[in-house]
K.L.:
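This is the structure I have questions about; it appears just below.
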Amino acid sequence: MKLSKLVGSRFKERPADCVIDSHALMVRGGYMKNVGNGIFSEFPLLKKITAKIEKIIREEMDAIDGQEVLFPVTLPADLWDESGRYESVGNELLRFTDRSNARMVLAMTHEEAAVHLVREYAQSYTKYPFMIYQIQRKFRDEARPRAGMIRVREFTMKDAYSFHTSQEDLEDYYEKCYQAYNRIFARAGIPEVVTVASDSGMMGGNISHEYMLLTPVGEDSIVVCAECDYRANMEAAENKIVNEDAGQAKELQCVETPECKTIEAVCDFLNSDVKKSCKAVVYQKNADDTFVVAFVRGDYEVNETKLRNLVGGELHTAEIIEEDCLVAGYIGPYGIAKEAEVYLDVSLKGISDLVAGANKEGYHYTGLNLERDLEKAEYVDISKIQEGSICPCCGNKAITIKRGIEVGNIFQLGTKYTKTMNMQYTDENGQQQYPIMGCYGIGVGRLAASICEVCHDEYGPVWPITVAPWEVHICCLRADDTEAKETADKLYQELLKDGVEVIYDDREGIRPGAMFSDADLLGVPIRVIVSPRNLKESCVEITTRDKSVKEMIPIKETASYIKGLRQKLYEDIKEKVTE
RNA sequence: CGGCGUGUGGCUCAGUUUGGUAGAGCGCAUCGUUCGGGACGAUGAGGCCGCAGGUUCGAAUCCUGUCACGCCGACCA
């Protein structure tokens, strides 16, 4: 490929609306173009990269006996009625009607379609286990797309669905997939992707893992233990708290605390320790009238995901008005209105002397002892784990919080979809059974952007050779110089003949600086510089995009040197792939 | 859905406060001089200033509405 023909333009200035580097570089480099809110087109440059990522994914999925299929993007709503998700999923699911007014959806995930495809086929236990996957577009009407290709509304995803006749078999396969995913990310040049325990969310099921690329621009908070292997999404991380120094029990007193509506104000006013205070956070359940009040220690935050799982319904931020049974700013667990559903966080357990709202305008209690003063004090885990907290796995106070991009996930779904959609098989005893499912996703475009995010410098991406748009980039610095042109042409042809993927910048009248800048934006791992200056020494210059190699190579040895270097780059990546 | 912000040639932005009929740099085209980290000069093309109303002799500028995009939050396999 000659660079002069590559569709897509590169430019110097950072686009104004790009917040993260990978977004800015991929726009500047002519990789993609924004079409609408969270919707992008891919130029050839990005398409080449995503095609390589897809190839790696296909190879690894096929290696664990996956079979590629293709589901439609548009699905009749009936199918989503079967699983109940037409109703239960929020606005991320784009619903519309066709010309005959039939209800349709744009698929945001394909569990329903997968069950639909195989439920007649797989009526006998002899067909199991099997896995089907596809690499295809999805649409999710995200409330807030952001960060370029990291969070978009329409995107390419590999989604896989496995079907099993026993939990053990699912777990075996889950483990295989777990390893396949590690190989995929290592082969794509980001072996540093870690797995974390996660919340299953709307997918249902029990066990699930997310594959996280740790980077400060990530939008998920990841809990990592410095002492052991424990890693979890903040949403799912158990918060273990032991209030050892609980203090002396004191008399329960109702004290006046005027205009103290925040926990900080109360503690300031009473000159008390925030760690001995009780903070209330109020939600409303399922948009009905039920208030859900979560109490956590004053220095903790409510983990809404954990709370939502406990409550078993949707939660909305509540606004308390005067007619309500609660007193905004003065809510406490003692003497709270019976209408409210109350949850006490484990962070409150064992504190004998708490400051808490008195459920009365302008008053708080001091000396509150939940075990003593409440009829029933049950504690649940609904607070966010913090930096330095106790690791739920090893018990050390070694928790750190990092940021990560979720590049893939795997779920043990169980029978949620096979039951609701009535998919059954006959087992060896002639009994009807529901198959057990797993599902496994990887966002292709997000993966490409994530690689760029962790593999770039100030001038452009530094693509790992396994996903790079080309392997070698030839810059002919003076295409008007006959000798340079002929040398570069010849090298180009020779490399092509040997099956090397080459982009050849043969443009005349482009100054070296501009040519280098373009090459940096393309991020091709091996660069060959042919110029009159180098030719005086009968050499060409060969560098790597990451600057680790910079050699003058005699012209005659160029092709073999490049092939050797290419080989080495592939091997460097292969070394990090665990078998 | 709430808060904030921005819409002016392909890109980055000025001009809006105080209305007078649109600018700069980059990019693009042609010519010349240049040529190892985004050169210089000359000439040229390209914009009904997001859209719709309104005020006015006159609107990019003031008013009303609307749409789009971005950021923060809520939400999110």
Side-chain angles (χ1 to χ4, degrees), chain A residues 8-20 23-24 27-28 30 33-39 83 85 88-93 107-112 138-148 151-153 155 157-161 198-205 208-211 219-220 233 235 283 287 304-305 308 314-319 406 408-411 413 416-417 439-443 446 458-460 475-481 484 507-521 527 529-536 540-541 543 547 550:
Chain A
S9 49
R10 296 159 296 283
F11 50 90
K12 198 154 70 172
E13 278 171 293
R14 183 182 175 115
D17 54 1
C18 296
V19 175
I20 67 170
H23 184 197
V27 172
R28 278 187 54 209
K33 185 176 176 183
N34 183 249
V35 182
N37 185 11
I39 303 174
S83 67
R85 285 160 119 193
S88 67
V89 174
N91 289 332
E92 300 80 49
L93 179 64
M108 56 187 289
T109 171
H110 281 86
E111 283 76 15
E112 287 83 356
K138 301 228 180 313
F139 187 88
R140 293 183 189 175
D141 200 357
E142 293 283 352
R144 195 148 94 76
R146 69 186 113 181
R151 189 165 201 81
V152 290
R153 295 199 295 169
F155 56 98
M157 182 175 184
K158 186 282 299 179
D159 47 324
Y161 307 90
S198 67
D199 178 71
S200 301
M202 79 162 188
M203 299 298 290
S208 62
H209 286 86
E210 291 168 339
Y211 288 75
E219 43 184 15
D220 286 286
N233 194 308
E235 290 179 345
Y283 300 91
E304 293 182 9
T305 305
R308 189 175 300 116
E314 279 188 54
L315 293 179
H316 306 272
T317 308
E319 279 190 32
E406 181 188 349
N409 56 32
I410 55 179
F411 289 88
L413 284 178
K416 171 175 172 177
Y417 294 94
C439 78
Y440 319 88
I442 292 179
R446 177 184 285 188
E458 60 183 303
Y459 304 107
C475 292
C476 183
L477 288 200
R478 291 296 301 272
D480 58 328
D481 179 282
R507 294 173 296 173
E508 277 188 42
I510 301 289
R511 294 174 60 85
M515 215 175 241
F516 291 144
S517 295
D518 276 350
D520 288 341
L521 282 170
R527 185 178 306 174
I529 301 165
V530 181
S531 69
R533 195 174 88 181
N534 293 341
L535 289 174
K536 272 185 200 154
V540 300
E541 186 180 334
T543 62
K547 298 187 169 75
K550 185 176 163 83

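None of the values given here were measured: they were computed from a predicted structure. In what follows, chains carry the letters A, B, and so on, assigned in the order in which the sequence lines appear, proteins first and then strands, with residues in each chain numbered from 1.
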K.L.:
Please state the C1' separation for the pair C13(B) and G73(B) - nearest whole angstrom.
P.N.:
29 Å
K.L.:
Which of the following nucleotides, U12(B), C35(B), G38(B), is nearest to the side chain of A16(A)?
P.N.:
U12(B)
K.L.:
Using whole Å, report how far CD1 of I39(A) lies from P of G70(B).
P.N.:
10 Å
K.L.:
To the nearest angstrom, how far is L521(A) atom CG from G27(B) atom P?
P.N.:
14 Å
K.L.:
On a whole-Å scale, what distance lies between the P atoms belonging to G23(B) and A68(B)?
P.N.:
32 Å
K.L.:
When rounded to the nearest Å, what value does the distance between P atoms of C1(B) and G47(B) take?
P.N.:
36 Å
K.L.:
Across all strands, who's sitting opposite G53(B) as a Watson-Crick or G-U wobble pair, both distances under 3.5 Å?
P.N.:
C63(B)
K.L.:
Whole Å only: how far is the CZ atom of R146(A) from the P atom of C4(B)?
P.N.:
19 Å
K.L.:
What does G32(B) pair with, Watson-Crick or G-U, if both distances are under 3.5 Å?
P.N.:
C40(B)
K.L.:
Just name whichever nucleotide pairs with G73(B), Watson-Crick or G-U, keeping both distances under 3.5 Å, else none.
P.N.:
C1(B)
K.L.:
Check every strand shown and say whether E541(A) touches a base, only sugar-phosphate, or nothing at a heavy-atom separation below 4.0 Å.
P.N.:
base
K.L.:
What is the distance, to the nearest angstrom, from the CD atom on E508(A) to the P atom on U34(B)?
P.N.:
16 Å
K.L.:
Do R533(A) and L477(A) have side chains that get closer than 4.5 Å, going by heavy atoms?
P.N.:
no
K.L.:
In whole angstrom, give the distance that lies between atom CD of E219(A) and atom P of G73(B).
P.N.:
10 Å
K.L.:
Does C13(B) have a Watson-Crick or wobble partner in any strand here, with both distances under 3.5 angstrom, and which is it?
P.N.:
G23(B)
K.L.:
For the C1' atoms, the ones on U56(B) and on A74(B), what distance do you get once it is rounded to whole angstrom?
P.N.:
44 Å
K.L.:
NA contact type, R507(A), heavy-atom cut-off 4.0 Å: base, sugar-phosphate, or nothing?
P.N.:
nothing
K.L.:
Taking the C1' atom in each of G41(B) and G53(B), what is the distance between them to the nearest angstrom?
P.N.:
48 Å
K.L.:
Are any of N37(A)'s side-chain N or O atoms less than 4.0 Å away from OP1 or OP2 of A68(B)?
P.N.:
no
K.L.:
Could you tell me which nucleotide pairs with A68(B) by Watson-Crick or G-U wobble geometry, both distances under 3.5 Å, or answer none if nothing does?
P.N.:
U6(B)
K.L.:
Across the strands shown, which category fits N409(A) at heavy-atom distances under 4.0 angstrom: base, sugar-phosphate, nothing?
P.N.:
base
K.L.:
Compare the minimum distances between each of G38(B), G37(B), U12(B) and the side chain of D518(A), then state the nucleotide with the smallest one.
P.N.:
G38(B)
K.L.:
Using a 6.0 Å cut-off, check whether atom CG of D480(A) has over 12 heavy atoms from anything other than its own residue.
P.N.:
yes
K.L.:
Under 6.0 Å from the CZ atom of F11(A), do we count more than 12 heavy atoms belonging to anything else shown?
P.N.:
yes
K.L.:
Please tell me if the side chains of R85(A) and E111(A) come closer than 4.5 Å, counting only heavy atoms from C-beta onward.
P.N.:
yes
K.L.:
Select one nucleotide: of A74(B), C11(B), G36(B), the one nearest the side-chain heavy atoms of R144(A).
P.N.:
A74(B)
K.L.:
Just how far, in rounded Å, is C1' of G41(B) from CZ of R511(A)?
P.N.:
14 Å
K.L.:
Using distance alone, with no hydrogens and no angle criterion, decide if E541(A) and T543(A) have a side-chain donor and acceptor under 3.5 Å apart.
P.N.:
no
K.L.:
Rounding to an integer number of angstrom, what distance separates A39(B) and G50(B) when you compare their P atoms?
P.N.:
33 Å
K.L.:
Between the main-chain N or O of F516(A) and the side-chain N or O of Y459(A), is there a donor-acceptor pair closer than 3.5 Å?
P.N.:
no
K.L.:
From C-beta outward on F11(A), which listed nucleotide comes closest to its side chain: C11(B), G38(B), G36(B)?
P.N.:
C11(B)
K.L.:
Both M157(A) and R533(A) contact RNA chain B. Which one's nearest nucleotide lies toward the 5' end?
P.N.:
R533(A)
K.L.:
Quick check: on RNA chain B, is the nucleotide nearest G513(A) upstream (toward 5') of the one nearest R153(A), or the reverse? Name the residue that is more 5'.
P.N.:
G513(A)
K.L.:
Any base atoms under 4.0 Å from P145(A), or only sugar-phosphate, or nothing? Heavy atoms, all strands.
P.N.:
sugar-phosphate
K.L.:
Would you indicate what A143(A) reaches in the nucleic acid, counting non-hydrogen atoms under 4.0 angstrom: base, sugar-phosphate, or nothing?
P.N.:
base
K.L.:
Using a heavy-atom cut-off of under 4.0 Å over every strand shown, decide if F155(A) touches base, sugar-phosphate, or nothing.
P.N.:
base
K.L.:
When you get a sec, tell me which of G37(B), C35(B), U12(B) is the closest nucleotide to the side chain of R527(A)?
P.N.:
G37(B)
K.L.:
Contact class for N534(A) vs. all strands (heavy atom < 4.0 Å): base, sugar-phosphate, or nothing?
P.N.:
base
K.L.:
Without decimals, in angstroms, what is the distance between L477(A) CG and U34(B) P?
P.N.:
18 Å
K.L.:
What distance, rounded to whole Å, do you find between the two P atoms, one in C49(B) and one in C62(B)?
P.N.:
15 Å
K.L.:
Would you say that V152(A) contacts K138(A) through its side chain, given a criterion of any heavy-atom pair below 4.5 Å between the two side chains?
P.N.:
no
K.L.:
Starting at CG of N91(A) and ending at P of C1(B), how long is that distance when rounded to a whole Å?
P.N.:
8 Å
K.L.:
Can you confirm whether P15(A) sits close enough to R28(A) that some side-chain heavy atom of one is under 4.5 Å from a side-chain heavy atom of the other?
P.N.:
yes
K.L.:
Of the nucleotides G37(B), C11(B), G36(B), which has the atom closest to the I529(A) side chain?
P.N.:
G36(B)
K.L.:
Take atom P in G25(B) and the same atom in U33(B), then report the distance between them in whole Å.
P.N.:
24 Å
